[in-house]
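Encoded as structure tokens, the structure appears first; notes follow it.
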Number of protein chains: 2
Amino acid sequence: MDNIDLKILHQLQTDARASIAEIAAQIGLSEPACYRRVRELRKSGVIEKEMAIIKPKNMGWPLSMMLLVELERDHSTIVNAFLSRINKQPEIIDSWFVTGDYDLVLQVIAADMEAFDQFTQQVLHKDNSVKNFKTLVVMRHSKAHGPIPPDKK
Amino acid sequence: MDNIDLKILHQLQTDARASIAEIAAQIGLSEPACYRRVRELRKSGVIEKEMAIIKPKNMGWPLSMMLLVELERDHSTIVNAFLSRINKQPEIIDSWFVTGDYDLVLQVIAADMEAFDQFTQQVLHKDNSVKNFKTLVVMRHSKAHGPIPPDKK
DNA sequence: AATCTACATGATAAAATTTATCAATAGTGA
DNA sequence: TCACTATTGATAAATTTTATCATGTAGATT
């Protein structure tokens, strides 16, 4: 994993559909050499996946929330069970297990407020592992999926 | 935007490198027809972009934080100015403007704690728009970029 | 110093995929 | 029924990805 790889990764975070030829030109490398690096980055798992980014509202999910969850206990077995349980919910599109004033940050999408209310009832209120949670309604996703810079500042 | 488009979008969120032929087969459509739909979805902006997903730690950013920020004032001009200012920071890879107990949720990456401390000094403490903020240290990104389901539950 | 090995590179060619062209089909409203 | 529009499928051309092979460079060994 050298500087060239980092540049490739940065490029692919901006546009995963750029052709190998374009990337190769950008970083001054031959096409096959660039191709092999990209292939290795994919195979090794450094590139987790390549995916389309779509605004939830454009797929019929106009509401987006950030949930700050506090759990009852910190025991890892319980936490892991809880995480694998809730991560099955398709409405939860991102979930971060954190330490600080809360234990979990969830990004949840919903078709409407009623559906969101149902979600909280079934997934959170019913669950004994949840002590409480706060809902932040997303008004604007003001910066989305910024590319991770190749250099540390 | 019909059901077929939604299925295509779901597919592309799982794997943006699937060939048109694969997608077409999956949803029972000819290759050219499928191709044209994908092209329109891209052109119309429904597909915002296609990008590689990479864990920050694999690019030399081992630390990840969620910041819960409270702003001094709600005036939209001030808020917008603040947002466009901080969104320039490459360490901020996602930023949600929300309503509730906080005004802003930021995902920030850092090479180490010292760099993170510097970041908060320069970007947050120095800024008059910031009333205060809480830091949640990410221990695990337990669900990442879940695909947005094509149907509303 | 010479040589060997491991590894990444570039040139080229083959395979696969994307994209354009065109004729045919299905659905709409007059 | 008859145009009109929009979408489709078949085919072919253009582009891109991928494989093959020979070359070159750096580090280790004799």
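Source: prediction; values computed, not measured.
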Original post:
So, is A:Arg36 close to the C:dC7 phosphate, meaning a side-chain N or O under 4.0 Å from OP1 or OP2?
Top reply: no

Original post:
Below 4.5 Å, heavy atoms only, C-beta onward: do B:Ile53 and A:Ile47 meet side chain to side chain?
Top reply: no

**OP:** Rounded off to whole Å, could you give me the CD-to-P distance for the A:Glu40 and D:dA19 pair?
**Re:** 11 Å

Original post:
Mapping B:Ile4 and B:Arg17 to their closest nucleotides on DNA chain D, which lands nearer the 5' end?
Top reply: B:Ile4

Subject >> Between C1' of D:dA6 and CE of B:Met1, the distance in whole Å >> reply: 17 Å

**OP:** Using a 4.5 Å cut-off on heavy atoms from C-beta on, say whether the side chain of A:Met1 contacts that of A:Leu41.
**Re:** yes

Original post:
When the distance from CD1 of B:Ile20 to P of C:dT18 is rounded to whole Å, what number comes out?
Top reply: 5 Å

Original post:
Any side-chain heavy-atom pair from B:Gln13 and B:Ile148 closer than 4.5 angstrom?
Top reply: yes

Subject >> Closest to the B:Pro32 side chain, choosing from D:dA10, C:dG10, D:dT17 >> reply: D:dA10

**OP:** For the side chain of A:Ala33, starting at C-beta, report the closest nucleotide among C:dG10, C:dT19, C:dT18.
**Re:** C:dG10

**OP:** Just compare D:dT16, D:dG9, D:dT18 and give me whichever is closest to any side-chain atom of B:Leu29.
**Re:** D:dG9

Original post:
Any side-chain N or O of A:Arg37 less than 4.0 Å from the OP1 or OP2 oxygen of C:dT9?
Top reply: yes

Original post:
Are any non-hydrogen side-chain atoms of A:Ser129 and A:Ile78 less than 4.5 angstrom apart?
Top reply: yes

Subject >> d(CG, A:Asp2; C1', C:dT9) in whole Å >> reply: 13 Å

**OP:** Give the rounded distance in Å between these two atoms: OH of B:Tyr35 and P of D:dT7.
**Re:** 16 Å

**OP:** Nearest whole angstrom, please: distance from the P of D:dT7 to the CG of B:Leu41.
**Re:** 12 Å

Subject >> Atom pair distance, as rounded to whole Å: CD in A:Glu31 and C1' in D:dT17 >> reply: 8 Å

**OP:** Return the set of residues passing ring pair (Phe, Tyr, Trp, His ring centres under 6.0 Å) with B:Phe133 (not counting sequence neighbours), or none when no residue passes.
**Re:** B:His125

Subject >> Spacing of B:Arg39 atom CZ relative to D:dT15 atom P, expressed in whole Å >> reply: 15 Å

